[in-house]
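Right, one structure below, let's go through it.
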Amino acid sequence: MKLLTAQFADLIRRAIEAAQTAGALPAFDIPEDIPVDLKDGGAQGDYAVPVALQLAKPARRAPRQVAEAIMQHLPTADFIGRAEIAGPGFLNFWLSPAWLAAQVDAILAEGAAAGAFDINAGKRAQVEFVSANPSGPITIAHTRGAVMGDTLANLLAATGYTVEREYYFNNAGRQMEIVGRSLRARYLEMLGEPFDFPEDGYRGQYFRWIAAGLVYEHGDALKDKDWPVFKDLAENIIFGHIRNSLRRIGIEFDNWFNENSLYESGAVDRLLEALREKDYAYDADGAVWFRMTAFGGEKDRVLVKSTGEPTYVTPDIMYHIDKLERGFDLAVNILGADHMDQYPAVAAGVRAMGYDPSPIHVIIHQAVTLVEGGATQRMSKRKGQFVTLDELVDEVGRDAVRYYILAYKPDAHINFDLELAKAQSEENPVYTIQYAHVRCMGVFRQAAEAGVTDAGADVSRLTGEREQSFLRKALELPQIIDFTIRQMEPHHLTTYALDLARLFHSTYETVRVLHGDTPPDLAKARLRFYKAAQVILARVLTLMGMTTPDRM
RNA sequence: GUGCCCAUAGCUCAGUGGAUAGAGCGUCUGGUUGCGGACCAGAAGGUCGGGGGUUCGAGUCCCUCUGGGCAUGCCA
């Protein structure tokens, strides 16, 4: 199925060409992208095209004259009901009521794939997100990337991509040593043994709980073990928690990519050798440096510290080269703003090695800060200041977590107030949306009891104002999906979902299946309308990763 | 200091260079012997942080100022 906006753009393009051929418009280059705006179906129509205004100059005609020339040469299309020129030269279109009503059957035919279109069929996409090292629980800061990544993956799949979700992690290095030392200290503390808590150690209660678990399971059998043993234990336990937490909001990964594998395979050594050969790497101050200034960077970066350990940049370059070698047409990488400076070095490294980084698409989202008693504070895993995903799910539930975090545009900061989230969890848009779905299911139950079916329904009877408004909005879904993935901003989906649900509830108020004086044949048509509505509502909820309740 | 992000209704936030800037919550007024009222209909509420510019047209793009956030590691 082709997007309606694209179909409108095609028609307009053909109209301009026809007008030029007929001499109604002079010759000029037709713009690559013809703007088609979605409207609310009021005085400005369902779809509005302001192209005549921008063509006035090249056509050397008044915009209204350009609009008239386009309109006169417009090919016919079954989906257009009415067209008119308005204001200074807007082309406004209303969809055909009969065509709109017939879309009920089209939606039902699509079923669970409703709103999908296949412009990316045959392509492979990868979305890398979360990628937190196993040094603590998933917090609401990670949750933002998690929900965005998972939702984008859903949307990419809806346009035909085969999608893989990947989690990249490091279980070696300095941070994990501190994890091991922190846990060992807590374990010894719990046993009443002398201990040294590391200076940069993880201070959250979390490590006490893990230590308590170790005491319960192993007694004092580990008291003479050094930090690597504790690091391994911590890693296993924490990754178990991370997987469980993410699973609670419906997120599963296809791949867990371990940074260590890049050392084991020799990839990191090969990178350093190759960069030296190309003179993009050099020694200074006992460290190995990457000549980023050769790629537009402000200063060079360290690849291998004077201690002999590579920095995170080095394996990260090989990781992204690995992604490119796996042949993804699109590799999305979701990063918090506090990590945004790391990508330019990676991109430069990828280019230095002769690869084209253009399939890699980095999405930056701003921070989630914690608000307590009106004061904001930065979350810190080290200091133990954070709200975990588990706490949040316990308080407000999976669906509210996903909806709220997703509803903010990536560029906006989130000031997260757990008290406020709890207080507002009773009455909020999440329920407005899910309740619409519940109401559909309620109708189906009642209809089944009353023996009403939609067999032989005549959908052409669905020309009422309310049903038509809902259907117009429902048919925007493919365009919303397209726009959302083009912008890589999944919050557009939440805005749409609420609009759709509100239109549903207005419709439901007056468009009744089983009561009032609804004649039997109209009841059949309306029942089928609600079946289509349920399909669309379920589809939107599923794309957002939310559940589709039958009852609430 | 430099780079990136933000500032829109009382609060939380949407808004693709298009026409009269929207929603949720809160406030106020109404609504059901009826498919579930977790709902609906309506009202009030705005110098889109200030100033300049670009153009047929700016909340949206550019410059600048103010106020916040993040980054600016041989941490990740």
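Lettering of chains follows the sequences in order, A, B, ..., and the numbering in each one begins at 1. The figures here come from the full heavy-atom set of this structure, side chains too, leaving out hydrogens, waters and symmetry mates.
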Measure from the side-chain heavy atoms of [X] and tell me the nearest of [options].
| X | options | result |
| --- | --- | --- |
| A/Leu498 | B/C75, B/G18, B/G24 | B/G24 |
| A/Thr432 | B/C39, B/C56, B/A76 | B/C39 |
| A/Asn92 | B/A19, B/G36, B/C35 | B/A19 |
| A/Arg502 | B/A76, B/G24, B/A19 | B/G24 |
| A/Tyr435 | B/G37, B/C74, B/A76 | B/G37 |
| A/Gln175 | B/G18, B/C35, B/C75 | B/C75 |

Is the phosphate of [N], meaning OP1 or OP2, less than 4.0 Å from a side-chain N or O of [X]?
| X | N | answer |
| --- | --- | --- |
| A/Arg439 | B/G37 | yes |
| A/Lys299 | B/G73 | yes |
| A/Gln446 | B/G36 | yes |

Give [X] one of three labels, base, sugar-phosphate or nothing, depending on what nucleic acid heavy atoms sit under 4.0 Å from its own.
| X | answer |
| --- | --- |
| A/Ala337 | sugar-phosphate |
| A/Ser135 | nothing |
| A/Asp338 | base |

Taking atom [atom2] of [N] as reference, at what distance in whole Å does atom [atom1] of [X] sit?
| X | N | atom1 | atom2 | result |
| --- | --- | --- | --- | --- |
| A/Met441 | B/A38 | CE | C1' | 17 Å |
| A/Tyr47 | B/A19 | OH | P | 18 Å |
| A/Asp499 | B/A23 | CG | P | 9 Å |
| A/Glu465 | B/A41 | CD | P | 12 Å |
| A/Leu406 | B/A23 | CG | P | 21 Å |
| A/Leu303 | B/G73 | CG | C1' | 14 Å |
| A/Gln44 | B/G57 | CD | C1' | 14 Å |
| A/Arg445 | B/G36 | CZ | P | 7 Å |

Tell me which donor-acceptor pairs under 3.5 Å the side chains of residues 309-317 of chain A have, and how far apart each pair is, sequence neighbours excluded?
residue  : atom : partner  : partner atom : Å
A/Glu309 : OE1  : A/Thr307 : OG1          : 3.2
A/Thr311 : OG1  : A/Val302 : O            : 2.9
A/Thr311 : OG1  : A/Val313 : N            : 3.4
A/Tyr312 : OH   : A/Arg301 : NH2          : 3.1
A/Thr314 : OG1  : A/Leu303 : O            : 2.7

Out of curiosity, A/Ile334 CD1 to A/Arg144 CZ, how far, rounded to the nearest 0.5 Å?
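Rounded to the nearest 0.5 Å, the CD1-CZ separation comes out at 11.0 Å.
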What's the separation between atom CG in A/Leu3 and atom CD in A/Glu476, rounded to the nearest 0.5 Å?
12.0 Å
Going 5' to 3' along nucleotides 4-16 of chain B, which nucleotides have protein heavy atoms under 4.0 Å from the base (write B), which only from the sugar-phosphate (write S), and which from neither (write -)?
SBS-----SSSSB
Donor-acceptor pair present, [X] side chain and [N] base, under 3.5 Å:
| X | N | value |
| --- | --- | --- |
| A/Asp341 | B/A76 | no |
| A/Ser306 | B/C74 | yes |
| A/Tyr431 | B/A38 | no |

Between A/Phe90 and B/G18, do the rings stack, that is, sit under 5.5 Å apart with planes less than 30° off each other?
no
Applying salt bridge (charged side-chain N to carboxylate O under 4.0 Å, His left out) to A/Glu489 and not counting sequence neighbours gives none
